[in-house]
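Please read all numbers here as calculations on a predicted model, not as lab measurements.
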Amino acid sequence: MMLKHILFSLVTVSLSTAAVASTNCTYYPENERIPAVKFQQNLEKQGYKIHSFDSDDNCYEIEGINPKGERVEVKFDMKTGEVVRSKLDHDNH
């Protein structure tokens, strides 16, 4: 019985890790998304300097400088605006 609990826990952790690693966002109809121009403006008000803006895998994706002055690549959910993935961009220094 203990082995079943351990295996279940390992499978659960593996599945949740895979979900976190995925960078695909949920598809939303256009009328449910934050308009791209408004989204960019809100990011700039927060202190982002956007070098490129695109939509990819149902996410908004930017490359630029975050409010801390770091080069970043960030993917955002198109409906909620939440960060789906963020990484420092060390390739473009």
Task: NZ-CG distance between Lys38 and Leu43, expressed to the nearest 0.5 angstrom - done: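 Here the interatomic distance stands at 12.5 Å.
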Open item on the list: How long is the straight-line distance from NZ of Lys87 back to CD of Glu63, given to the nearest 0.5 Å?
Closed with: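 The CD atom of Glu63 sits 8.5 Å away from the NZ atom of Lys87.
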Task: Given Asp77, Ile34, Asn58, the one that forms side chain to side chain contact (heavy atoms under 4.5 Å, CB included) with Tyr28 - done: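 Single pass found, and it is Asp77.
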Open item on the list: Closer than 3.5 angstrom, by distance alone: can the side chain of Asp57 be matched with the main-chain N or O of Cys59 as a donor-acceptor pair?
Closed with: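 Side chain of Asp57 to backbone of Cys59, a donor-acceptor pair under 3.5 Å: no, none is there.
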[X] versus [Y]: any side-chain heavy-atom pair under 4.5 Å?
{"X": "Thr26", "Y": "Lys79", "value": "no"}
{"X": "Glu61", "Y": "Arg85", "value": "yes"}
{"X": "Ile65", "Y": "Arg71", "value": "yes"}
{"X": "Val72", "Y": "Leu88", "value": "yes"}

Task: Partner residues of Glu30 under the salt bridge (charged side-chain N to carboxylate O under 4.0 Å, His left out) criterion, sequence neighbours left out - done: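 Counting only residues at least two positions away or on another chain, Glu30 forms no salt bridge (charged side-chain N to carboxylate O under 4.0 Å, His left out).
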- [ ] Give a yes or no on this: more than 12 heavy atoms of other residues, nucleotides or ligands lie within 6.0 Å of atom CD of Glu82.
- [x]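 Atom CD in Glu82 is not crowded, with 12 or fewer foreign heavy atoms closer than 6.0 Å.
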Open item on the list: Considering only residues two or more places apart or on different chains, which pairs with a residue in residues 40-55 satisfy side-chain hydrogen bond (donor to acceptor under 3.5 Å, both in side chains)?
Closed with: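 Output for this query is empty, none listed.
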TODO: Spell out, yes or no, whether Val83 and Met78 are grouped together once hydrophobic residues are joined by side-chain heavy atoms under 4.5 Å, including indirect joins.
DONE: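 Cluster IDs for Val83 and Met78 match.
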Task: Plane angle bin for Phe39 and Phe53 - parallel if under 30°, tilted between 30 and 60°, otherwise perpendicular - done: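 Phe53 vs Phe39 ring planes: tilted.
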